[in-house]
Amino acid sequence: MRSFCNILRRGAFALLSGVLAASVGAVSALAQSDRNTLVVAVSHDLQNTDPTLTSGNTATWEFLTNVYNWLIDYEVVTLDDGTQIGDANSFVGGLAESFEWNEDGTTVTFRMREGLKFSNGDPLTAEAVKFTFDRIFDQKGVTVGNMALAEVPDKHHVELIDSDTIAIHLDRANSLLFGNMAQAGNSILNPNVVGPHMTDDDPYAHEFLKVDSRGTEQGPYRMESWDPGNQYVLVRNENFHGEPAIIERIVFKIIPDPASRLAQLVSGAVDIALELPTIDIPALEANPDITVHRNTSRTIAYIGMNNEVAPFDNKLVRQAVSYAVPYDTIIESVMNGYAIQLKSPIPLGTPGHADQFFVYEHNLEKAKELLVEAGHPDGFSTVFEIPIGNQEAKETAVFLKQSLAQIGVDIQIQELPGAAYFEKIQKHELVFFFTNFWISINNDPYYHVYWKFHHSCCNYANYANAEVDKLIADNTISTDMAAQEAAITEIQRIILDEAPWVLLYQPQHILAMRSNVKGYVYYSADNFTRYQYLYIE
């Protein structure tokens, strides 16, 4: 059946390719011949351009990463084979020209670069940094959790020294701060642009910033336009402090259907296509007109079960589902081997990873026994929610439905538009769902478990365990390395027993582009493309 479906799909793809090749000639010519314009096919629209309140939506985060900048950034290093990567564990100044720690590691002082400007030409000074962090803490967005985790609990810990100098004070020395700051949540905003929109009804100008970044960017690109549901466009920011972006203009075309994204890449209608089905990667790698970049990723894919909503509030039900999932089939038939099985809530490649507690091999009889013990001898019905345009989610859902049916669990697959899916996941409103977008930007095990499993934070499955919370709180900031190691191992044991997720896989990060697009630099911290390095031959 699988082979037959693949034959049908490839036949449809060939037909679609022919139709598109005939209908997008003008755009194709643009994508192939205009060295100043890059055309990128994305699966979903932007959700919210306010960097303080954005999380989860990958298109939005990549947009923010290219139009904003922050005090500290990842260092680009050259490997032995000559390729360049953004090193997730090495930091350099971003907007800050330099930084210096005091002797006990509780204060870091940043000296701003000279002549910094926002995209509209306004000067960018330390006053803007202070304005931004005041807004971050007052607004209580997701970035506050990052800063608090690094022992910076409020805006009073961010001190304006003078127009060139800002200091951040930590309650306790730790190694988390830079990894938590090198991301879009810490984007420095222009008070001259944001300030006039701060009103009694909207004290943080969120309604303005969620749809418009213009005039407050300071990254290599700035927003030119956004036509919701169709496309958004970036242009080179001439006021960027670093090396100017090589490509002048980037058009992001919103194409939810992965077969259409693939066809447009092959035809040359687009230069880059994101989130392509892994089944098509071997053919792309054999195509001399296409370059496929593949890198080991710490991204995690899992099935979330809302621990506060029946029947998933019962650990035995969650364990039963975990035993019923056909892991090998998903990795082989959905991911086509471009992934490894995830056997711990902490991914392989992050310090502290331990997989000795994973017991959930595919075992339908064990799953049935657990459902009987849980009081569901006849199974149950539920809805499985996935984002439209995510082929991995769609194919995983089909295999999940087939397997769960064998233990009496009937699931209805519901596809949600990207924006609606990400809104619901951020509000913790999904009950049974697929996700494959999470990567912990800070490659630290306690950062990871805080964000994904601490009850007060951002775990989308609403998991809550007092012992796990205490182990995280007691060991995140610690100089006792042995205690930290023992605690992170115990955290993984508890979580695997309670099964708040079905652990699926760690995918390779795959990016396919036309072969005349050069200069790609992989950032393992977040997988987002920095378009400033790309150029078209």
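These figures come from a predicted structure and were not determined experimentally. Heads up: numbering here begins at 1 and tracks the sequence. Side chains are part of it too, since the values below use all heavy atoms of this structure and drop only hydrogens, waters and symmetry mates.
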Discussion item. Among Tyr460, Tyr360, Phe453, which residue satisfies the ring pair (Phe, Tyr, Trp, His ring centres under 6.0 Å) criterion with Trp501?
Written reply: Phe453
Item to complete: Would you name the heavy atoms of Pro377 and Val372 that are closest together and state the gap between them?
Response: CA-CG2, 4.0 Å
Worksheet, complete the sentence: Closest non-hydrogen atoms of Ile136 and Gly185, given as atom of the first, atom of the second and distance, are CD1-O, 3.6 Å
Fill in: Test ring-ring contact (aromatic ring centres under 6.0 Å, His included) applied to Phe422 and His44, step by step
CA-CA 10 Å; Phe422 283 109; His44 55 275; 5.3 Å; yes
Worksheet item: Do any N or O atoms from the side chain of Ser43 and from the backbone of Gly389 form a donor-acceptor pair under 3.5 angstrom?
Response: no
Discussion item. For Tyr520 together with Tyr533, are the ring centres under 6.0 Å from each other?
Written reply: no
Discussion item. Pair Asn307, Asn462 - check side-chain hydrogen bond (donor to acceptor under 3.5 Å, both in side chains), show working.
Written reply: CA-CA 6 Å; Asn307 289 212; Asn462 290 329; over 6 Å; no
Worksheet, complete the sentence: Correct closest heavy-atom pair for Leu276 and Ala512 would be CD1-CB, 3.9 Å
Worksheet entry | Closest non-hydrogen atom pair, Tyr327 against His362 | CD1-N, 4.3 Å
Fill in: pair Ile272-Leu534: side-chain heavy atoms closer than 4.5 Å
yes
Worksheet item: Should we count NZ of Lys315 as having more than 12 external heavy atoms under 6.0 Å?
Response: yes
Discussion item. Less than 4.5 Å apart, side chain to side chain, heavy atoms only: is that true for Asn475 and Tyr446?
Written reply: yes
Worksheet item: Considering only heavy atoms from C-beta outward, does the side chain of Val292 approach that of Ile510 to under 4.5 Å?
Response: yes
Item to complete: Would you sort out whether Phe434 and Tyr302 count as a ring-ring contact (aromatic ring centres under 6.0 Å, His included), showing the intermediate values?
Response: CA-CA 6 Å; Phe434 172 93; Tyr302 63 90; 8.5 Å; no
Discussion item. Taking Leu400's backbone N and O only, do any of them form a donor-acceptor pair with Ser403's side chain (distance below 3.5 Å, no angle check)?
Written reply: no
Worksheet entry | Ring centers of Tyr531, Phe252 separated by less than 6.0 Å | yes
Worksheet item: Can you check whether Phe433 and Phe384 have ring centres sitting under 6.0 Å from each other?
Response: no
Practice prompt. Answer yes or no: is there a side-chain heavy-atom contact under 4.5 Å between Lys343 and Leu503?
Written response: no
Worksheet item: Would you find a donor on one side and an acceptor on the other, under 3.5 Å apart, between the side chain of Glu392 and the backbone of Ala301?
Response: no
Worksheet item: Does the pair Asp313/Arg318 count as a salt bridge with the N-to-O cut at 4.0 Å?
Response: no
Worksheet item: Between Asp45 and Gly229, which heavy-atom pair has the shortest distance, and what is it?
Response: OD2-N, 2.6 Å
Worksheet item: Are side-chain N/O atoms of Gln183 and Asp526 paired as donor and acceptor at under 3.5 Å?
Response: no
Worksheet item: Within 45 degrees of the axis of the six-membered ring of Tyr523 and under 6.0 Å from its centre: does Arg530 put its NZ or CZ there?
Response: yes
Fill in: Full working for salt bridge (Lys or Arg N to Asp or Glu O under 4.0 Å) between Glu490 and Arg493
CA-CA 5 Å; Glu490 178 64 6; Arg493 185 196 68 77; 2.8 Å; yes
Discussion item. Is the shortest side-chain heavy-atom distance between Ser90 and Tyr74 below 4.5 Å?
Written reply: no
Discussion item. So His428 and Glu308, do their side chains get closer than 4.5 Å, heavy atoms only?
Written reply: no
Fill in: Among Pro445, Pro345, Ser344, side chain to side chain contact (heavy atoms under 4.5 Å, CB included) partner for His353
Ser344
Discussion item. If you apply the rule side-chain hydrogen bond (donor to acceptor under 3.5 Å, both in side chains), what do you find for Asn527 with Thr299, and how did you get there?
Written reply: CA-CA 8 Å; Asn527 294 336; Thr299 303; 2.7 Å; yes
Worksheet item: Just by distance, with hydrogens left out, do Thr52 and Arg135 show a side-chain donor and acceptor under 3.5 Å apart?
Response: yes
Discussion item. Against Glu275, only a single residue in Val42, Leu511, Asn436, Thr58 fulfils side chain to side chain contact (heavy atoms under 4.5 Å, CB included); can you say which?
Written reply: Thr58
Discussion item. I'd like to know if the side chain of Thr291 reaches the main chain of Met513, judged simply by a donor and an acceptor atom lying under 3.5 Å from each other, with no hydrogens or angles considered.
Written reply: no
Worksheet item: Is Asp280 salt-bridged to Arg261, going by a charged N under 4.0 Å from an acidic O?
Response: no
Discussion item. Under a 3.5 Å distance rule, please check whether Asn66 uses its side chain to pair with a backbone N or O of Thr529 as donor and acceptor.
Written reply: yes
Fill in: Atom of Ser297, atom of Pro507 and distance for their closest heavy-atom approach
CB-O, 3.2 Å
Item to complete: I would like to know whether Asn295 and His509 meet side-chain hydrogen bond (donor to acceptor under 3.5 Å, both in side chains); could you show each step before the answer?
Response: CA-CA 5 Å; Asn295 291 276; His509 180 256; 4.9 Å; no
Worksheet item: Less than 6.0 Å separating the ring centroids of His454 and Tyr463?
Response: no
Fill in: Salt bridge Glu361-Lys366, side-chain N to carboxylate O under 4.0 Å
no
Practice prompt. Answer yes or no: is there an ion pair linking Lys368 with Glu365, defined by an N-O contact shorter than 4.0 Å?
Written response: yes
Discussion item. What I'd like to find out is whether the side chain of Ile411 reaches to under 4.5 Å of the side chain of Val383, using heavy atoms alone.
Written reply: no
Item to complete: Report yes or no: does Thr49 contribute a side-chain atom to a donor-acceptor pair with the main-chain N or O of Thr60 at less than 3.5 Å?
Response: no
Worksheet item: Side chains of Ile255 and Gln264: does their closest heavy-atom pair fall under 4.5 Å?
Response: yes
Worksheet item: Under the side-chain hydrogen bond (donor to acceptor under 3.5 Å, both in side chains) criterion, do Gln47 and Tyr421 qualify, and how do the steps go?
Response: CA-CA 10 Å; Gln47 176 202 34; Tyr421 170 87; over 6 Å; no
Worksheet item: When you measure from the side chain of Asn390 to the backbone N and O of Ile388, does any donor-acceptor pair fall under 3.5 Å?
Response: no
Worksheet item: Would you say the ring centroid of Phe63 lies under 6.0 angstrom from that of Trp226?
Response: no
Discussion item. Surrounding CD of Gln508 (heavy atoms of other residues, nucleotides or ligands, distance under 6.0 Å), is the total greater than 12?
Written reply: yes
Worksheet item: Does any N or O in the side chain of Asn306 come within less than 3.5 Å of the main-chain N or O of Leu430, such that one atom is a donor and the other an acceptor?
Response: yes
Discussion item. For His293 and Tyr522: C-alpha separation, side-chain torsions, deciding distance, then whether ring-ring contact (aromatic ring centres under 6.0 Å, His included) applies.
Written reply: CA-CA 9 Å; His293 297 275; Tyr522 175 62; 9.5 Å; no
